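All figures in this text were calculated on a predicted structure; none of them were measured in a lab. Here is how names work: the chains are called A, B, and so on, in the same order as the sequence lines, proteins then strands, and each is numbered from 1.
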Amino acid sequence: MREYVVRRVLLFFPSLAGVSLVVFALMRLVPGDVAEILVYSAGSEQASVAKAQVAKIRGELGLDKPIAVQYALWLKGALQGNFGHSYLEDRPVREMLAEWFPRTMELALLTLVLAALWAVPLGVVSAVRQDHWPDYLCRSLSISGLSVPIFFSGVLILFVLVRFFHWLPPLEYVSVWEDPARNLQKIIWPALAQAFYISAPITRLTRSQLLEVIREDYVRTARSKGLIEQLVIYRHALKNALLPVVTFTGWWVGRLLGGLVVMEIIFQVPGMGMGLITSVNNRDYPTVQAIVFVMAGVFLLLNLIVDLLYGWLDPRIKYA
Amino acid sequence: MDTGVAREAIERGEREEAREEVRTGRRELWNVLRNFPRRQPLGAIGGVLVALMVAVALLAPWLAPHNPKAAGFDTFIPPGGGFPFGTDHLGRDVLSRVIWGARLSLYVGLTSVGVGVTLGSLWGVVTGFFGGAWDTVSQRVVDTLMAFPPIILALGLMAVLGQSVENVIVTLTVLLAPAAARTIRSTTLGVKEMMFIEACRAAGLPLRRVIARHVVPNVMATYLVLFSVNIGYAIVVEAALSFLGLGAPPDEPSWGGMLTGATEHLERAPWIALFPGVALSLSVFGLNLLGDAVRDLLDPRLRGTGAG
């Protein structure tokens, strides 16, 4: 067990290094002179001012140094949370991330909670009433959840709110610490839309796992000693059925983080996703770089946690 | 046994196998097709939806009543009359754009999966077969590319490459190839250990020939599964990128791109969003059902590995 934990944790660092290399290389792939693009897309007025700025940015990005040194400098900064300067907003990228990141994580957390609350019971119902109408209903719900692209279900929710309730979520974003009710009014909708999407695979997996476990000997034993059905299902069967559901989380988290970008755009939540799109559109490359790096880092970290959790939940696991 | 004799035997076997394959191939294909609707009813429904989409995509120039890019009509005409799906906020015929959208989606889906999954599979076969240091390096490359949340990596790439349909295909290739390489590599590892491969090598067949004639046919089922289950995914990613304004340019009739402008006019003109959204959902639904059925037929072990 300890060996598993150590090896898994050690694996995290080369992955992070690989990710940082790709993110760094991405920006060097930009055709043309990065410094010039940064200055002109930030909208400088005079040519003389612009020239001075180009030289300054070149110095700041270290573009005059060898590429390996540039990478080392960038990585050193990034690991300390220093992602350079946004020429679009004229402030440190770190400051912007500090604002955006908690909002995105709140949305992600709410989505996961809603999805789990909705998907696991649905999977249980589906498995317990296998091949009866509740099962068919749950299965078609989950298949439709998988097939409607997330941005369309988001737009549909918005449409229903506007058309039938003549109501739109508040335009302004209020932090959950200031006014939880107003905050919820805004972020519940993107969370619902996305929860519907990621709940589909959770439901399917819960169902198939539970169906398998229900046929195991120890469940038959539990039944034959006279336990009531609810206890058999919840206390004995579900516990083991949910194990693979946990491991599969890594796969959903990747989709979840990508989907958050789309949701933030539709529902105007000023988080990492909206920041990414704005900075891509304005060629604010240091910010793009920082967001992609942080999101990939979060993804790696979550996968690490899931793997460790799995090792803890299922002591049989060995590092393969 | 003399290696020359063994080699001859294998070559004779190959020739006979090829002839036999052609003979039984036709019969088998017919059997699979005839039994498909009964064995895979959902897959058959998917097949019908996909066939519909392909037909619309192929016949787009004849089906579409107007030029999908021409903005010559009144804006916000509701569905009905001369415009069954209405017109959009720029005065373009929504029906024509939905029809041409099928062509764009299918084009992006087929080319990106064709290039991405094929390159990834070749990569997986070669590294899996030879192993060694290159295999280890390539595995780390795969790990790294798969360590990004897909859409976020795609957005980063599109930011660098710039907005165009071709660049969407390039981006999708980068997303699809590593996953294909990983799956095919693990299948190859299994095939490599089989006795007949050992026999080929012992008989001194050139490695290129062993791979092409004996390994590749045995990973073909996995390749076909990867191919079919990823088309729907590629189409959704294209639509998502276009929706975010970073995929196809705005005048291209992309289903995702059509939804972008529509969100601002939801109350006044919901049809601008609903028709492309439904077209996209139905196509993806059909492709998912068909992909699942193909996977169950060819390689049920892949169920739930993320390939589906």
Query raised in the report: Tell me, side chain or backbone of L26(A) under 4.5 Å from chain B's heavy atoms, or both, or neither?
Result: both
Requested in this report: Using a strict cut-off of less than 4.0 Å between a Lys/Arg side-chain nitrogen and an Asp/Glu carboxylate oxygen, indicate whether R204(A) and D292(B) qualify as a salt bridge.
Outcome: yes
Report task. Decide side-chain contact (heavy atoms from CB on, under 4.5 Å) for W74(A) and F293(A); before the verdict, give the C-alpha distance in whole Å, the side-chain angles of both, and the deciding distance to 0.1 Å. Result -> CA-CA 12 Å; W74(A) 179 78; F293(A) 184 59; 4.1 Å; yes
**Report entry** Pairs of heavy atoms under 4.5 Å with chain A: top-ranked of L155(B), L145(B), L153(B), L157(B)
**Finding:** L155(B)
**Report entry** Per-residue contact mode, V278(B) against chain A (heavy atom under 4.5 angstrom)
**Finding:** both
Report summary line: Of the listed L274(B), L282(B), T260(B), the one with the largest count of heavy-atom pairs under 4.5 Å with chain A is L274(B)
Query - Side chain, backbone, both or neither of L259(B) within contact of chain A (heavy atoms, under 4.5 Å) - result: side chain
Query raised in the report: So, S186(B) side chain and T183(B) main chain: donor-acceptor pair closer than 3.5 Å or not?
Result: yes
Query - Heavy-atom proximity to chain A below 4.5 Å, by part of F243(B) - result: side chain
Query raised in the report: Tell me, side chain or backbone of I150(A) under 4.5 Å from chain B's heavy atoms, or both, or neither?
Result: neither
Report task. Below 4.5 Å from any heavy atom of chain B, which atoms of L257(A) appear? Answer side chain, backbone, both or neither. Result -> both
Query - Close side-chain approach of V292(A) to F148(B), heavy-atom, < 4.5 Å - result: yes
Requested in this report: Starting from the C-alpha separation in whole Å, work towards a yes-or-no answer on side-chain contact (heavy atoms from CB on, under 4.5 Å) for Q289(A) and F83(A).
Outcome: CA-CA 8 Å; Q289(A) 218 174 5; F83(A) 291 102; over 6 Å; no
Requested in this report: May I ask you to decide if A248(B)'s main-chain N or O and S242(B)'s side chain share a donor-acceptor pair within less than 3.5 Å?
Outcome: yes
Query raised in the report: At what distance, to the nearest 0.5 angstrom, does CZ of R207(A) lie from CD of E212(A)?
Result: 11.5 Å
Query raised in the report: Is a side-chain N or O of N282(A) found less than 3.5 angstrom from the main chain of T278(A), in a donor-acceptor match?
Result: yes
Report task. For R103(B), look at atom CZ and say whether over 12 heavy atoms of other residues, nucleotides or ligands are found less than 6.0 Å away. Result -> yes
**Report entry** Pairs satisfying salt bridge (charged side-chain N to carboxylate O under 4.0 Å, His left out), at least one member in residues 249-265 of chain B, at least two apart
**Finding:** K69(B)-E252(B)
Report summary line: If you tally heavy-atom pairs under 4.5 Å between each of A240(B), G277(B), A159(B), G156(B) and chain A, the highest tally belongs to G277(B)
Report summary line: So, the part of I266(A) with a heavy atom under 4.5 Å from chain B: the answer is side chain
Query raised in the report: Which region of N288(B), side chain (C-beta onward) or backbone (N, CA, C, O), has a non-hydrogen atom less than 4.5 Å from a non-hydrogen atom of chain A, or is it both or neither?
Result: side chain
Query raised in the report: What part of L244(B) lies closer than 4.5 angstrom to a heavy atom of chain A: side chain, backbone, both or neither?
Result: both
Query raised in the report: Where does M146(B) contact chain A at under 4.5 Å (heavy atoms): side chain, backbone, both or neither?
Result: backbone
Report summary line: Looking only at A239(B), P150(B), A273(B), the option with the highest number of non-hydrogen pairs under 4.5 Å against chain A is A239(B)
Report task. Identify which part of L158(A) has an atom lying under 4.5 Å from any heavy atom of chain B, answering side chain, backbone, both or neither. Result -> both
